[in-house]
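A quick note: this is a predicted structure, and the numbers were derived from the prediction, not measured.
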Amino acid sequence: MSFTHLDESTAEDAWRSAPQWERMRELELPSTARLVVLAAHPDDESLGAGALIARASRLGWPIDVVVATDGEASHPSSPTHKPEQLRARRQAELSAAVTALAPEARITALGLPDGGLPDERRRLRAGIEAAIAAGEPPLLVAPWCRDGHGDHEAIGELAHELAAAHGLRLIEYPIWLWHWAEPDSAEVPWPQLRVLRADDAELVAKRTATGGYVSQTQPLSELPGDEAMLGPGIQRHFDRSEEVYVEHRGALPARFFDEFYDANPDPWGFETRWYEQRKRAATLAALPRPRFAHGLEVGCATGVLTAELATRVDDLLGIDIADDPLDRASRRVTAGNVAFQRFATPQEWPDGEFDLVVLSEVGYYWGDELELGIDRVLASLAPRGVLVACHWRHPVAEYPLSGDEVHDALRRRPELVRTVSHVEEDFLLEVFQRPPAASVARETGLV
């Protein structure tokens, strides 16, 4: 990615009018936490996460702000300011900004070379690990690792490594993405974007903090080389009442389901709830053909739906990520046309071609791997194959995605045509087929 701060910035109105903007999910925050905010330069923390820091302060969370550099290289051609002068100005601006956001926050300035973080991984890692170890495991906040700026990407990539090593939740804030990208750019991670809506007090605190970085938002002088680093177009991206974060949430691991079934052999009430009975009836009624030759049920759980699908499919394979529900399913369904196997989807997938694939209450577990899962479905779907997707619509904190996001992704695929759409407050039930697809009446010669 090649850009400079002098390039024309993508208009803020273009971002806000993009259809994906309204579909961003809310950033979910715990009721209590410790916050560790990483910044490559003084001002990153306020531009990207100022409202979050202000909210954490009001909630009484412990807050650490770790700033890797002093920002002394922001104006390398300045005829009026030497690096040491810029360092002093930006350190003072940092202190005032963080005080405006969270007076009790602790600031750690690592003093690493501005522009040199890719070569300072050892010292950068040590500084971040010290902040992580200074209290309870924190919510880690860092610059986005694909922001197009070497320092931002270096600290973002290291944040990913340390979050994985310490089992921490990581959210990232883009800074330069809003400047160099456009809403339809392939680099924009729309499915992973989460929005924090600032209230009036948080917005005032953030604007006070960002407005105090005069060395970046206003020219140092009228001379060439002293131009403002953050022009009016760029500043508009950070004057919005929302903060946008990137949250990468991978597929839920097998241990999540193992623990779930250990606590309750029927955790979702498949066997007892009228809601589940009715939903299964709707799923079976949505099948566009009376019989299928080969079927795949992804996430078969304890086999309650499998038993009913078995009456419509000659050869049915049920797969799941956990052993306990598979054991229960195999005891429940003993028909000779049904088999069960363990697969950690979507990374693992069975061989073969299926004219029916049932994706019921499983896609939202896949997180960032949803597109891979859809690829797997399509690779195993026969030329005239049918995909049935059914998902819960209410938010669940543990699930990486919502049911609506799963179905939005399915509808975007040109390889699929939606032929059935059943929408309720509680769940979505949709049937997709490969194009060209015909209605039941057309396939059976009624029209």
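No side-chain donor-acceptor contact under 3.5 Å links Gln277 and Tyr275. Donor-acceptor pairing under 3.5 Å is lacking for the side chains of Asp404 and His407. One side chain, His160 or Glu172, offers a donor N or O that lies under 3.5 Å from an acceptor on the other.
Side-chain contact between Leu309 and Thr283 is absent, with no heavy atoms from C-beta onward closer than 4.5 Å. The closest side-chain heavy-atom distance from Val37 to Val66 is not below 4.5 Å. At a threshold of 4.5 Å between non-hydrogen side-chain atoms, the residues Val420 and Glu430 do not count as touching. Glu161 places a side-chain heavy atom less than 4.5 Å from the side chain of Arg125. Side chains of Glu247 and Arg25 form no contact here, defined as non-hydrogen atoms less than 4.5 Å apart. In this structure, Trp21 and Val195 have side chains that are not in contact, with every pair of non-hydrogen atoms separated by 4.5 Å or more. Inter-residue side-chain proximity for Thr10 and His179 is flagged as unmet; no heavy-atom pair is nearer than 4.5 Å. Under the 4.5 Å side-chain criterion, counting only non-hydrogen atoms from C-beta, Val141 is not in contact with Val36.
A salt bridge between Arg332 and Glu271 is present, with a side-chain N of the basic residue lying under 4.0 Å from a carboxylate O of the acidic one. Salt-bridge formation is detected for the pair Glu202/Arg58: a Lys NZ or Arg NE/NH1/NH2 atom is positioned less than 4.0 Å from an Asp or Glu carboxylate oxygen. Electrostatic pairing of Glu371 and Arg412 counts as a salt bridge here, judged by a charged N lying under 4.0 Å from a carboxylate O. Salt bridge status for Glu443 with Arg384: present, with a side-chain N to carboxylate O gap under 4.0 Å. Here Asp327 does not pair with Arg331 in a salt bridge; the nearest charged N to carboxylate O distance is not below 4.0 Å. Between Asp426 and Arg278, no side-chain nitrogen of the basic residue sits less than 4.0 Å from a carboxylate oxygen of the acidic one, so the salt-bridge criterion is not met. With respect to Asp13 and Arg236, a salt bridge is recorded, a charged nitrogen being found less than 4.0 Å from a carboxylate O.
Atom CZ of Arg16 sits about 7.0 Å away from atom CZ of Arg240, to the nearest 0.5 Å. Atoms CG and CD, from Leu381 and Glu353 in turn, are 8.0 Å apart once rounded to the nearest 0.5 Å. The structure places CG of Leu38 at 7.0 Å from CD1 of Ile132, a figure rounded to the nearest 0.5 Å. In this structure, the separation between CG on Asp375 and CH2 on Trp349 is 10.0 Å, given to the nearest 0.5 Å. Between the CG atom in Leu326 and the SG atom in Cys300 there is a gap of 5.0 Å [rounded to 0.5 Å]. Atom-to-atom distance recorded for Leu203:CG and Glu243:CD is 9.5 Å, nearest 0.5 angstrom.
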Evaluate the criterion side-chain hydrogen bond (donor to acceptor under 3.5 Å, both in side chains) for residue pair His294 and Asp314; output intermediate values, then yes/no. CA-CA 6 Å; His294 301 286; Asp314 296 336; over 6 Å; no
Yes or no on salt bridge (Lys or Arg N to Asp or Glu O under 4.0 Å) for Asp323 and Arg342, after CA distance, side-chain angles and deciding distance? CA-CA 7 Å; Asp323 290 326; Arg342 184 183 181 279; 3.4 Å; yes
Is there a salt bridge (Lys or Arg N to Asp or Glu O under 4.0 Å) between Glu405 and Arg23 once you walk through the steps? CA-CA 9 Å; Glu405 287 177 304; Arg23 296 200 295 265; over 6 Å; no
Full working for salt bridge (Lys or Arg N to Asp or Glu O under 4.0 Å) between Arg393 and Glu425: CA-CA 7 Å; Arg393 300 188 70 194; Glu425 179 184 356; over 6 Å; no
Please report the C-alpha distance between Ile171 and Leu52 in whole Å, then the side-chain angles of each, then the deciding distance to 0.1 Å, and finally whether the side-chain contact (heavy atoms from CB on, under 4.5 Å) criterion is met. CA-CA 11 Å; Ile171 58 175; Leu52 175 59; 3.9 Å; yes
Show the numbers, then the answer: is there a ring-ring contact (aromatic ring centres under 6.0 Å, His included) between Trp15 and Trp178? CA-CA 8 Å; Trp15 288 106; Trp178 313 116; 4.9 Å; yes
Step-by-step side-chain contact (heavy atoms from CB on, under 4.5 Å) determination, Phe432 to Leu410: CA-CA 8 Å; Phe432 299 87; Leu410 289 169; 3.8 Å; yes
Could you go step by step and tell me if Arg34 and Asp64 meet the salt bridge (Lys or Arg N to Asp or Glu O under 4.0 Å) rule? CA-CA 8 Å; Arg34 185 169 77 96; Asp64 279 279; 3.0 Å; yes
As a quick check of understanding, evaluate ring-ring contact (aromatic ring centres under 6.0 Å, His included) for Phe354 and Phe292, giving each step before the final call. CA-CA 9 Å; Phe354 305 91; Phe292 295 85; over 10 Å; no
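Pairing each heavy atom of Ala11 with each of His237, the nearest pair is C-CE1, 4.1 Å. Closest approach of Val246 to Pro174, counting heavy atoms only: CG2-CG, 3.9 Å. When all heavy atoms of Ala39 and Ile155 are compared, the closest pair comes out as O-CD1, 3.7 Å. In terms of heavy atoms, Ala33 sits closest to Pro62 at O-CD, 3.5 Å. Between Ala382 and Asp355 the shortest heavy-atom distance is CB-CA, 4.0 Å. Across all non-hydrogen atoms, the minimal contact from Pro350 to Leu296 is CG-CD1, 3.9 Å.
Residue Arg55 places its CZ atom among more than 12 non-hydrogen atoms of other residues, nucleotides or ligands, all under 6.0 Å distant.
Remark: Glu26 engages Arg197 in a side chain to side chain donor-acceptor pair (under 3.5 Å) (not counting sequence neighbours). Applying the side chain to side chain donor-acceptor pair (under 3.5 Å) test to Glu120 and every residue at least two apart in sequence or in another chain returns Arg123.
Ring geometry, Trp180 versus Trp144: the interplanar angle falls under 30°, so the pair is classed parallel (tilted spans 30 to 60°). Below 30°, between 30° and 60°, or above 60°: for Phe260 and Trp268 the angle between ring planes is between 30° and 60°, a tilted geometry.
Looking at Asn337, its side chain does come within 3.5 Å of a backbone N or O of Val313 through a donor-acceptor pair. Remark: side-chain polar atoms of Asp324 are not paired, donor with acceptor, to backbone N or O of Tyr261 under 3.5 angstrom. In this structure, the side chain of Glu45 engages the main chain of Asp43 through a donor-acceptor pair within 3.5 Å. A side-chain donor-acceptor contact under 3.5 Å links Asp44 to the backbone of Ala40. A distance-only check finds a donor-acceptor pair linking the side chain of Thr217 to the backbone of Tyr213 [under 3.5 Å]. Between the side chain of Arg169 and the backbone N or O of Ala163 there is no donor-acceptor pair closer than 3.5 Å.
Here the two rings, on His394 and Phe427, have centers that are 6.0 Å apart or farther. Checked against a 6.0 Å centroid threshold, the rings of His5 and His149 do not count as neighbours.
Among Glu424, Glu361, Glu308, the single residue meeting the salt bridge (charged side-chain N to carboxylate O under 4.0 Å, His left out) criterion with Lys279 is Glu361.
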